[in-house]
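The block underneath contains the structure these notes are about, expressed in structure tokens.
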Amino acid sequence: MSILLLIDGLIQEGDGPLEHYAPTLGRLWSNGRSGHIFLPQRKFIPEEDIFFFDLFNKELPERQHQDLPLGFFAALGLDLQPDPTRSWGRLAFSHLRQQREQLLFVSPHRTGQTRAEIQRLAQDLAIELAIDGWTIHSSLNEHLLISYPNPLHIRTTPLPPLDGQSILEHLPRGSDNNVLQRLLISGQLLLARHPINLERQTQHRVTLNTPWIWGVGTGPTKSPGILQLPQHATCFTTEPVVAGLARFIGFDHVFLDDFHLDLTKLTEKIAQACHQGAVLVHLTEPALLGRHGLKTQRQESMLTLDRTFIAPLRQATAAAGQTLLVSTSYGLNPQGEGHTHPVPWLTASGRELTDKPRASFLAKLTPHQSPQNLSKPFELAQEWLR
């Protein structure tokens, strides 16, 4: 069986040679087979989820007047036993700036919140949201998981791609849009007087003046999905929506906490899971750091990941006679924002996992130089599960 390792933000435009901050990956890319995946363009799915909707389940296409239930999948991935009749969604916080007669969103990498800030806002917002019928269930890396007691017919736009966009062009649409509009207004009133913004000002950080909700929907009907899974498959991920999608189509899933991630133990768990079947591992820290403009910290994170996780994972994969596939669910532009440009992938097995590097990674980076390009992530799944 194979291991598919997906690292969000593995590649950022303007990066130097991969060998400098991920030498093990540089070696694998020089020795193994590689190519690029051409990602789908989807306006109403965040970049961290686009890859996985295409990879896992085409039976959940985008619907014209209704959100994909990203909140429900996050709750499913967190083992919250979500009531499928409630509407689940994701709530984050942004800043709207005045430009002439328009109110424009400020990029999430400039308005990012720490986990402590998210938890504090959750506590202070709980009563305000409850008045309008909403319940806060969990605080995640950059947002809250919330639910509403009734089904909502809503069309929203995810927050990450809204940098520089006018709020008037992206207000919730649908027959129940007034429910989200009330939440928006009450959240703005609370943020206007919240002490967290005084603290952010003293730290020379952008204040938060607007909540934003997306991915609102009820639980979908149980479906086997489109992947022809082997008898056993396991997904390790730090993204709750991915964990929920994996569980939805039949994976065993292990949700990982980015802030308390023991990479040595993770390697051991992956090695054990590989003896039972296919394994997918999905990590997000490099993208989170890149999104907040922390380029140096991102490369330091990649170096740590390479030394303490990818290197021992390569050795364990070689010892077990298995295949390792590596890719990224999305890359980053120079500002640290996600995009859906073609992303690289590699696969290595046998001596390719242990030989000294034969060529530079950069020599294999340009899509037109490789005959092994894939048109979509599902083709990578076929490579992985073959």
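Cluster membership for Leu263 and Leu10, using ILVMFWY side-chain heavy atoms within less than 4.5 angstrom, is shared. Trp88 and Leu184 fall within a single hydrophobic cluster, where Ile, Leu, Val, Met, Phe, Trp and Tyr are joined by side-chain heavy atoms under 4.5 Å apart, directly or via other members. When the side chains of ILVMFWY residues are joined at heavy-atom separations under 4.5 Å, either directly or via intervening members, Ile196 and Phe93 end up in a single hydrophobic cluster. Residues Leu191 and Leu104 are members of separate hydrophobic clusters, defined by side-chain heavy-atom contacts under 4.5 angstrom among Ile, Leu, Val, Met, Phe, Trp and Tyr. Both Leu374 and Val343 are members of a single hydrophobic cluster when ILVMFWY side chains are connected at heavy-atom separations under 4.5 Å.
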Handout entry: Verdict with supporting geometry, Leu183 and Leu91, side-chain contact (heavy atoms from CB on, under 4.5 Å)
Key = CA-CA 10 Å; Leu183 183 149; Leu91 173 68; 4.1 Å; yes

Exercise for the section: Take Asn197 and Arg200 through the side-chain contact (heavy atoms from CB on, under 4.5 Å) test and state the conclusion after the steps. Expected result: CA-CA 5 Å; Asn197 279 321; Arg200 289 174 68 96; 4.0 Å; yes

Practice task
For the pair Leu168 and Gln102, evaluate side-chain contact (heavy atoms from CB on, under 4.5 Å) and give the outcome as yes or no after the intermediate values.
Solution key: CA-CA 8 Å; Leu168 293 179; Gln102 291 187 319; over 6 Å; no

Exercise for the section: List the steps and the verdict of ring-ring contact (aromatic ring centres under 6.0 Å, His included) for Phe52 and His282. Expected result: CA-CA 10 Å; Phe52 294 96; His282 170 232; 4.6 Å; yes

Practice task
May I have the step-by-step check of side-chain contact (heavy atoms from CB on, under 4.5 Å) for His95 and Leu208, ending in yes or no?
Solution key: CA-CA 5 Å; His95 179 91; Leu208 307 172; 5.6 Å; no

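Between Leu280 and Trp384 the shortest side-chain heavy-atom distance falls below 4.5 Å. For the pair Leu6/Phe51, a side-chain contact is recorded, criterion being any heavy-atom separation below 4.5 Å from C-beta on. Taking the side chain as every heavy atom from C-beta outward, Ile167 and Phe105 approach each other to under 4.5 Å. Thr135 has its side chain within reach of Arg86: a pair of non-hydrogen atoms, C-beta onward, lies under 4.5 Å apart. Side-chain atoms of Glu199 and Glu117, non-hydrogen and from C-beta on, never get closer than 4.5 Å to each other. Between Leu256 and Leu283, some side-chain heavy-atom pair lies under the 4.5 Å cut-off. Counting heavy atoms from C-beta outward, Ile270 and Cys274 have side chains that approach closer than 4.5 Å. Two residues are said to be in side-chain contact when any heavy atoms from C-beta on lie closer than 4.5 Å; Ile37 and Glu379 fail this criterion.
Between the side chain of Asp163 and the main chain of Ser107, a donor-acceptor pair closer than 3.5 Å is present. Using a distance-only test at 3.5 Å, with no hydrogens or angles considered, no donor-acceptor pair links the side chain of Asp132 to the main chain of Val179. Between the side chain of Arg115 and the main chain of Ser139, no donor-acceptor pair closer than 3.5 Å is present. Between the side chain of Gln98 and the main chain of Arg100, a donor-acceptor pair closer than 3.5 Å is present. Side-chain atoms of Asp176 come within 3.5 Å of backbone atoms of His153 as a donor-acceptor pair (strictly under, hydrogens ignored). A donor-acceptor pair is defined here as one N or O able to donate and one able to accept, closer than 3.5 Å; no such pair exists between the side chain of His137 and the backbone of Leu145. At distances below 3.5 Å, not a single donor-acceptor pair connects side-chain atoms of Gln272 with backbone N or O atoms of Lys269. Checked by atom type and distance alone, the side chain of Gln299 never pairs as donor or acceptor with a backbone atom of Gln297 at under 3.5 Å. Judged purely by atom type and a 3.5 angstrom limit, Ser87 uses its side chain to pair as donor or acceptor with the backbone of Asn150. Distance alone, capped at 3.5 Å, is enough to place a donor-acceptor pair between the Trp212 side chain and the Thr157 backbone.
Pro240 and Leu78 make their closest contact through CB-CG, 4.0 Å (heavy atoms, listed as atom of the first residue, atom of the second, distance). Contact detail for Pro84 and Phe72: the closest heavy-atom pair is CA-CE1, 4.0 Å. Shown here for Pro377 and Leu39, the closest heavy-atom pair between the two residues is CG-CD2, 3.9 Å. Annotation for Ala348 and Leu28: closest pair CB-CD2, 4.2 Å, computed over non-hydrogen atoms. Looking at every heavy atom in both residues, Leu332 comes nearest to Arg298 through CD1-NE, 3.8 Å. For Ala92 against Leu159, the heavy-atom pair with the smallest separation is CB-CD2, 3.7 Å.
Taken to the nearest 0.5 Å, the CG atom of Leu346 stands 6.5 Å off from the CG atom of Leu324. A distance of 11.0 Å separates CD1 in Ile213 from NE2 in His143, rounded to the nearest 0.5 Å. Remark: Ser138 OG to Leu144 CG distance equals 8.5 Å, nearest 0.5 Å. Expressed to the nearest 0.5 Å, how far CZ of Phe236 lies from CD1 of Ile3 amounts to 9.5 Å. The distance from atom CG of Leu70 to atom CG of Leu68, rounded to the nearest 0.5 Å, is 6.0 Å. For the atom pair CG of Asp54 and CG of Leu380, the computed distance is 10.5 Å after rounding to the nearest 0.5 Å.
Residue Gln81 qualifies as open at atom CD: its count of foreign heavy atoms under 6.0 Å is 12 or below. Under a cut-off of 6.0 angstrom, the local environment of CZ in Arg120 is crowded, with over 12 non-hydrogen atoms contributed by other residues, nucleotides or ligands. For Gln123, the CD atom is loosely surrounded, since the number of other residues' heavy atoms within 6.0 Å does not exceed 12. A 6.0 Å sphere centred on CZ of Arg307 holds no more than 12 heavy atoms belonging to other residues, nucleotides or ligands. Within a 6.0 Å sphere centred on CD1 of Ile127, other residues, nucleotides and ligands contribute 12 heavy atoms or fewer.
Using a 3.5 Å distance cut-off with no hydrogens or angles, the side chains of Thr24 and Arg314 do not pair a donor with an acceptor.
Just one of Thr238, Thr237, Asp8 meets the side chain to side chain donor-acceptor pair (under 3.5 Å) condition when paired with Thr284; it is Thr238. The residue from Asp15, Thr304, Asp306 that alone fulfils the side chain to side chain donor-acceptor pair (under 3.5 Å) condition with Tyr21 is Asp15.
Salt bridge status for Asp79 with Arg247: present, with a side-chain N to carboxylate O gap under 4.0 Å.
Ring geometry for Trp134 versus Tyr148: interplanar angle of 30 to 60°, hence tilted.
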